[in-house]
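What's counted below: heavy atoms across the whole structure, side chains too, no hydrogens, waters or symmetry copies. Just so we're on the same page: letters track the sequence lines, and every chain starts at 1.
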There are 2 protein chains.
Amino acid sequence: MQNSIPHIVVVGAGFAGLYATRVLAQADVRVTLVDRRNHHTFQPLLYQVATAALSPGEIAYPIRHIFKDNDNVSVLLAQVTGFDLQHRKVLLDTDKLSYDYLIVAAGATHAYFGHPEWETYAPGLKTVEDATEIRRRMLLAFEIAERRARFSHIQQDINFVVIGGGPTGVELAGAIAEIARHVLASDFRSIDPRSTRVLLIEAGPRILASFPEELSASAERQLRALGVEVLTGTPVTGIDQSHVCLDGRSLPASVVLWAAGVSASPLGKLLGAPIDRAGRVRVEPDLTLPGYPDVFVVGDMASIKQENGRPVPGVAPAAIQMGRFAADTILAELEGEDRKKFHYNDKGSLATIGRSSAVADIKGLKVSGHIAWFVWLFVHLVSLIGFKSRAQVLWEWFWAYITFHRGARLITGASRVIIPASAKSVWQSALQETDFQDHKAA
Amino acid sequence: MQNSIPHIVVVGAGFAGLYATRVLAQADVRVTLVDRRNHHTFQPLLYQVATAALSPGEIAYPIRHIFKDNDNVSVLLAQVTGFDLQHRKVLLDTDKLSYDYLIVAAGATHAYFGHPEWETYAPGLKTVEDATEIRRRMLLAFEIAERRARFSHIQQDINFVVIGGGPTGVELAGAIAEIARHVLASDFRSIDPRSTRVLLIEAGPRILASFPEELSASAERQLRALGVEVLTGTPVTGIDQSHVCLDGRSLPASVVLWAAGVSASPLGKLLGAPIDRAGRVRVEPDLTLPGYPDVFVVGDMASIKQENGRPVPGVAPAAIQMGRFAADTILAELEGEDRKKFHYNDKGSLATIGRSSAVADIKGLKVSGHIAWFVWLFVHLVSLIGFKSRAQVLWEWFWAYITFHRGARLITGASRVIIPASAKSVWQSALQETDFQDHKAA
């Protein structure tokens with residue numbers, strides 16, 4: 001360590017990187033936070049953008065602005081291409097960044113279990129772009145059906161298939177069912193959106209497998225009440241443009257969404273350390289890279305076990321705790337203190353299902369329905385970055401809540417729906433399959 | 001006319017088509033409103049999306065939702081490819097729509113005066129996608145400069161060049177100057193956004209040429225006070241990736257925006273009628289296509305003169321009046337009444353320049369500065385479609401207004417800034433020109 005102010009490079013501005021930087025920003029160190037996007041995304045609410053309830057700007061916040069009052073924090077929009085750990089350098093596409101300590105927190109991406117070709121047909125939900133793409137496909141499915149019905153007088157089925165029964169899959173399926181049943185109900189003339197089928201497909205024996213069994217059962221009941229068909233013990237064997245194949249069966253699907261698996265950022269491999277099957281780096285008890293006490297790997301990229309032998313889950317609270325731990329460890333070491341072991345404080349699990357329905361497992365206390373939903377609302381509101389976003393999201397939710405009673409106007413969120421030029425080809429090819437005449441009504 | 005309920009097809013859901021449909025929705029007719037987008041765009045506030053003050057959802061509204069309570073209005077997402085006027089049919093890409101009356105209101109697009117190659121370097125502002133592209137380029141210019149400065153310790157100039165001194169050019173230049181001077185001021189570490197140059201270039205002798213001369217002069221003064229350099233009498237002779245050529249001079253430009261000209265939708269040509277130089281259809285005094293009293297052409301696509309010999313301008317109030325007139329004419333004719341001539345009621349002109357600055361010419365009453373700005377705010381708020389959008393935009397403006405005083409947090413709007421994958425190549429090629437080393441600060 002030279003006698004200048006220590007320089008810490010943080011890679012990734014998700015929960016882990018953001019909270020690490022927040023701790024470091026208060027200390028006498030220099031921090032460079034590198035991300036290839038200019039915004040932090042509040043991933044727990046991303047499904048609400050995908051289902052047109054919130055706008056991207058309400059859950060994504062410019063990283064630069066979060067740290068604008070911290071002169072010792074410098075934000076860099078750049079792609080990390082590799083590491084030179086011997087010389088303590090992070091390689092960017094055209095430049096190199098030197099560091100005294102490095103915190104790698106590049107998160108995770110979708111995993112298609114050896115079927116990368118499925119990604120085209122079944123987008124996952126990790127980024128704001130993913131969310132707007134899902135929103136586009138969802139609303140376009142209704143538009144295409146309306147047009148076909150107008151010119152053919154046949155109402156084609158609209159089937160949404162959500163693959164993966166974890167929290168994201170449950171949230172997406174519930175929200176889509178609500179939109180079809182309530183929000184879009186009076187928007188169309190030739191189709192009835194209420195006849196939309198929403199299927200949630202899970203390969204394992206139950207949905208929300210990380211929750212206690214009684215909450216899985218409760219979540220399944222709540223989903224069925226919303227009109228979602230839940231298929232458990234059903235692995236997917238194939239996906240194409242208009243079908244999902246289960247063992248032996250082929251289901252027609254207007255829109256397929258992927259919520260079945262994630263793998264860690266490919267940056268893990270570039271660190272040259274042992275990785276697990278999901279691409280996560282097997283870190284030391286202090287979250288450092290084996291052999292490199294100056295390099296921390298945190299958040300969804302880190303593979304580490306709790307005291308009870310179970311892995312630390314890939315959830316936002318774990319990422320936040322890891323980010324803070326890495327920052328605290330660095331600052332303590334600069335003060336001459338010894339290293340400690342990371343301890344995960346499991347505060348519980350939450351999954352929302354729809355308007356006023358959710359399940360929560362808080363330190364063994366199991367809650368379902370309205371109360372769980374209010375817990376969910378409270379936890380997510382207080383965690384949102386920035387007062388304005390928080391107030392605005394509350395306002396959106398309040399609006400959706402009251403107008404739902406009045407006449408299902410929740411679709412206001414879909415005012416953000418833009419069909420970009422690039423979508424036109426999909427749209428046109430979808431329409432060109434049909435060749436109908438206009439049957440003028442008498 | 002058959003004895004069934006008359007069917008009116010409206011092409012385009014801009015101001016003209018939307019307001020025509022609103023009138024027809026109240027009558028005993030069937031209406032099909034066709035648009036290739038699913039949303040109506042409130043174009044007068046589009047520059048606020050381009051400059052990150054508002055989010056797309058606040059000024060774009062799903063067409064389908066606007067007419068959800070009007071069972072006689074059917075909305076169709078489709079591209080019009082032509083007309084069969086003899087058989088009263090509108091041709092869509094794969095289908096045909098029969099009509100009893102047709103209202104064509106497909107609006108206008110950018111015109112590059114015989115230089116279509118300029119479009120790549122100098123995007124115009126007509127759609128939500130245009131606005132988000134301009135926003136992306138604007139914010140990326142600062143990010144690129146920050147990164148270069150970080151690794152080279154040289155602050156490169158950031159130059160914004162806005163071409164065209166009409167209301168849109170004036171609004172864009174003013175808003176960009178405000179963002180650079182106030183909003184982004186404390187967000188960067190290696191550059192000072194306040195040194196950004198903003199140039200407004202106009203070929204004619206003065207900006208806001210359609211306004212009285214004293215208001216042009218006032219607008220120019222207000223722009224200069226914001227730090228905008230105004231160049232009048234300066235035609236642009238060339239644009240490339242990094243420069244704008246004026247007679248003999250070549251100006252370096254980080255971002256170039258086009259606000260210099262529009263031409264009517266190419267659908268005008270497909271109607272087979274005489275068109276003017278800007279591609280607008282020369283309509284009859286009742287806004288119909290010569291020879292086709294059942295076909296109306298309204299809004300920015302129509303070329304018609306006022307009683308004073310001046311053309312009806314391509315502004316929102318004119319489009320709204322034309323749309324309503326066409327609808328009223330159809331309904332009156334169905335009641336057996338004779339045709340009337342369209343009369344344009346000029347209520348005045350408004351252009352906003354920045355926060356609290358504007359010019360207004362209301363029936364000869366000329367106002368500048370704060371008062372004009374409040375008039376502008378009031379007129380635009382009451383015209384916004386949908387109560388929620390209106391409340392939300394007011395909230396955004398209020399927020400921007402109070403925090404501007406406190407510490408320039410107007411950038412919250414930029415939370416909507418997403419750098420899409422497609423931008424990466426631009427970004428990378430921009431960076432690859434440089435090949436700097438990291439100079440570690442002592």
Starting at [atom1] of [X], measure out to [atom2] of [Y] and round the result to the nearest 0.5 Å.
X	Y	atom1	atom2	answer
B:His39	A:Leu139	NE2	CG	12.5 Å
B:Ser186	A:His65	OG	NE2	7.0 Å
B:Phe151	A:Leu76	CZ	CG	5.0 Å
B:Leu184	A:Lys68	CG	NZ	11.0 Å

Can you sort out the partners of B:Asn70 under side chain to side chain donor-acceptor pair (under 3.5 Å), two or more places apart, ordered by chain and number? none
Partner set under side chain to side chain donor-acceptor pair (under 3.5 Å) for A:Thr32, not counting sequence neighbours: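 If we apply the side chain to side chain donor-acceptor pair (under 3.5 Å) test to A:Thr32, skipping adjacent residues, the hits are A:His7, B:Arg150.
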Between B:Phe67 and chain A, with a heavy-atom cut-off of 4.5 Å, which part of the residue counts as in contact: side chain, backbone, both or neither?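 Just its backbone gets close to chain A.
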Check whether any side-chain heavy atom of A:Leu77 lies under 4.5 Å from a side-chain heavy atom of B:Leu140, and answer yes or no. yes
Taking every non-hydrogen atom, the tightest pair across A:Thr94 and B:Arg147: OG1-NH2, 3.1 Å
Given 3.5 Å as the limit, does a donor-acceptor pair link the side chain of B:Arg189 with the main chain of A:Val73, or not?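 Yes, the answer is positive, given that a donor and an acceptor are paired below the 3.5 Å cut-off.
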